[in-house]
Amino acid sequence: MKLHSQFLKLHSQHGGPAEISITLDELALTLGCTHRNALHVIRKMADLGWITWTPSRGRGRRSKLVFLAAAEDIALESMKQAISSKDISSALEGIRGHARTSSLQDTLQGWLLAYFGHHAEVHSDKRIDTLRLPVTQQLHTFDPLYMNLLAESFVSSHVFDGLVGRSGERGKVIPGLAHAWETDGSRTAWTFHLRKEVLFHHGKVLTAEDVVYSFERMMSTSQRMLYSYIVKEIQEVQALNASTVRILLKNPNELFLPFLCTSRAAIVPRDLESIGENLFGRRPAGTGPFKVVEMNEDTCVLEVFPYYFQGRAHLDRVEIIYVPWSLDREPSETGSAFHVIPNPSTAGADSLSRIHSESYVRKFVTCNTKKKGPLSDPLLRAELLSCLQETPRVPFRHFAAPPAEVLQIATIPQYAGDAEYIAARLTQHGYSCKVLSVSPEEFKGPIRLKSDLIVFSLLRDQDEQLRLYDLYLTLSQHIEPRTRAGIEGRLRQISRESDAAVRAEGFRLIEDTLTRDHQLHILYERPAETAYLPSVRGVTFNSQGWVDLRHLWFPPEL
């Protein structure tokens with residue numbers, strides 16, 4: 001495949017239909033090698049019929065080069081070799097490096113697309129079902145303490161279990177590692193009864209000490225963790241015996257049980273420290289239906305854990321590949337190998353079955369009114385945010401001209417496109433803007449307090465109330481003190497409220513307050529949708545709206 005890359009590099013620099021005149025110095029410079037190696041490469045290409053080469057003797061003399069093979073053909077051949085050898089990293093690099101035109105990129109992606117989907121092989125009279133899925137977020141860790149991305153949480157939810165979980169019915173909590181639980185009258189003491197003989201992937205049996213270790217690890221970490229406000233409410237975790245755990249809260253909190261359903265509250269083995277935290281994040285040992293057997297910068301491979309306490313998954317292997325762009329394409333009439341497509345485009349509607357997971361993604365922008373600057377003026381905020389409306393809400397300008405200061409818009413790389421859209425709209429109305437895109441970990445830090453506008457995202461799924469609480473607690477940090485006090489007071493009321501509908505009304509009032517004061521503007525809200533071909537069976541969703549891999553299966557061809 002190296003020779004293919006060298007041809008494509010040479011073609012991109014010097015290619016064309018006509019004969020070209022070139023020196024050996026120029027060839028060596030383009031290929032990044034010595035004169036001798038450059039001649040060796042050229043002769044190989046000539047032997048394969050990719051080029052014709054007419055050398056001229058003498059230093060500095062110009063030789064004749066004619067390209068016989070099309071760049072598209074060589075790129076496709078390289079892609080096929082990469083896919084057949086399962087060298088996906090090289091295949092991706094080939095697309096990134098050599099897709100000079102959109103048509104070539106489409107063709108190359110089509111070949112890569114064929115790699116994904118369901119594949120069945122027979123080994124020793126045993127059928128092995130493999131599902132290959134692309135994700136557009138690069139996976140870094142599955143350690144519940146250090147995860148930042150939804151894609152990492154998706155994988156983690158199949159590797160780990162919590163004490164309790166979610167059912168398909170919104171708001172309903174079902175048994176997980178704990179088969180039963182109860183709380184006292186003050187709702188501050190929660191007792192969980194663990195299942196017996198549950199195995200971790202490395203063969204250890206789950207006990208109450210693993211649960212205690214998992215929660216104490218959360219409580220003692222300095223890591224900025226999602227839903228950390230819940231963890232701070234935990235006073236003590238006790239192992240009453242090998243199969244019973246009691247968790248004591250400082251105050252009653254009705255979001256505690258929903259928190260236990262999230263991947264952040266996953267139970268890890270207490271011998272994690274002997275494994276090492278860095279290694280554990282990439283090769284974790286959980287109790288879930290799949291175990292991680294391979295993890296690198298492009299690929300994560302899961303294999304079924306046959307001893308899973310809730311029953312073996314139907315799939316044998318899941319390969320999750322990082323692809324830095326959307327692979328949504330229209331499947332052919334005869335079907336496609338790509339059976340499960342997260343967030344598909346509208347193409348191929350006739351040949352795909354579609355399910356809404358009842359999850360929505362909301363993107364919005366907030367104003368940092370704690371920072372001294374133009375956005376401390378509510379009239380200017382109203383005018384600025386009206387620029388983001390299709391029809392401006394502010395009927396006239398309150399100011400002769402926009403402020404001269406450059407407005408900094410902070411976000412993370414996944415939402416950079418939305419931030420660029422905001423900057424473009426504001427620039428059209430005379431505002432000066434710059435977008436600052438930082439890592440999720442940096443975004444949790446002081447960068448927000450130094451910015452004027454902050455772009456956020458909210459996943460409206462079964463964990464929506466947990467996410468809203470976390471979101472408004474975060475937003476309150478860059479809001480002027482009077483409004484902040486009101487938000488924090490209402491959040492305290494929400495955490496004590498047992499009725500989910502009343503909690504939802506409390507969150508709505510916070511949103512109304514922020515919108516009315518021109519401190520929050522919703523950009524858009526879109527449903528999370530999954531498309532799949534009819535051959536897929538058992539399509540269900542977890543609490544985040546992702547396809548639950550443990551229930552997927554594919555009928556054999558008869």
Side-chain angles (χ1 to χ4, degrees), residues 86 113-135 139 142 151 153-162 165-169 174-177 195 197-201 203 261 263 266 284-295 299-321 331 335-342 344 352-357 359 462 528-558:
K86 297 188 177 181
L113 193 64
Y115 181 78
F116 292 103
H118 171 245
H119 299 265
E121 299 176 326
V122 176
H123 295 289
S124 303
D125 295 328
K126 182 181 178 182
R127 172 173 143 142
I128 306 298
D129 286 294
T130 299
L131 181 64
R132 300 189 183 114
L133 294 175
V135 293
L139 303 171
F142 304 128
S153 183
F154 163 67
V155 176
S156 178
S157 69
H158 292 90
V159 175
F160 296 100
D161 291 290
R166 294 280 196 185
S167 71
E169 183 181 339
I174 60 175
L177 293 174
R195 298 177 189 266
E197 302 299 321
V198 173
L199 287 178
F200 284 99
H201 297 154
C261 300
S263 57
T287 58
F290 293 94
K291 58 183 179 181
V292 178
V293 296
E294 181 182 339
M295 170 74 167
T299 306
C300 169
V301 179
L302 307 178
E303 286 185 358
V304 69
F305 184 53
Y307 310 108
Y308 184 51
F309 67 92
Q310 296 200 68
R312 186 194 193 280
H314 303 298
L315 291 171
D316 300 290
R317 184 178 173 93
V318 180
E319 298 176 5
I320 300 168
I321 316 296
S336 165
F338 194 55
H339 289 274
V340 180
I341 308 175
L352 290 172
S353 299
R354 291 170 182 265
I355 286 183
H356 287 280
S357 64
S359 296
Q462 291 195 48
E529 185 181 53
T530 294
Y532 63 96
L533 294 182
S535 60
V536 181
R537 301 287 191 272
V539 178
T540 59
F541 300 96
N542 64 17
S543 63
Q544 296 172 328
W546 292 79
V547 170
D548 193 334
L549 299 178
R550 73 191 69 194
H551 301 304
L552 287 185
W553 65 283
F554 298 85
E557 295 181 4
L558 301 177

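The residues of the chain are indexed from 1 along the displayed sequence.
Of the possible polar contacts, none joining the Asp129 side chain to the Ala120 backbone as a donor-acceptor pair under 3.5 Å is found. Remark: side-chain polar atoms of His201 are paired, donor with acceptor, to backbone N or O of Gly286 under 3.5 angstrom. No donor-acceptor distance shorter than 3.5 angstrom exists from the side chain of Arg195 to the backbone of Phe309, with no hydrogens or angles considered. Between the side chain of His118 and the main chain of Phe554, no donor-acceptor pair closer than 3.5 Å is present.
Closest heavy-atom contact between Ser263 and Ser153: OG-OG, 2.7 Å. Closest approach of His314 and Leu552 over heavy atoms only: CB-O, 3.3 Å. Heavy-atom minimum distance, Phe160 versus Phe142: CE1-O, 3.4 Å.
Atom-to-atom distance recorded for Leu177:CG and Thr287:OG1 is 4.5 Å, nearest 0.5 angstrom. Atom CG of Asp161 is separated from atom CZ of Phe200 by 9.5 Å, given to the nearest 0.5 angstrom. Atom CG of Asp125 is separated from atom CZ of Arg127 by 14.0 Å, given to the nearest 0.5 angstrom. One distance of note links CZ of Phe290 with OG of Ser157; it measures 10.5 Å at 0.5 Å rounding. Going from atom SG of Cys300 over to atom CG of Leu133 covers 10.5 Å, rounded to the nearest 0.5 Å.
Leu199 is listed as a side-chain neighbour of Tyr307, based on a closest heavy-atom distance under 4.5 Å. Between Asp548 and His158, some side-chain heavy-atom pair lies under the 4.5 Å cut-off. You'll find the side chain of Thr130 stays beyond 4.5 Å of the side chain of Glu121, heavy atoms only. You'll find the side chain of Leu302 reaches within 4.5 Å of the side chain of Val292, heavy atoms only.
Applying the salt bridge (charged side-chain N to carboxylate O under 4.0 Å, His left out) rule to Arg317 yields the partners Glu303, Glu319; only residues at least two apart in sequence or on another chain are considered.
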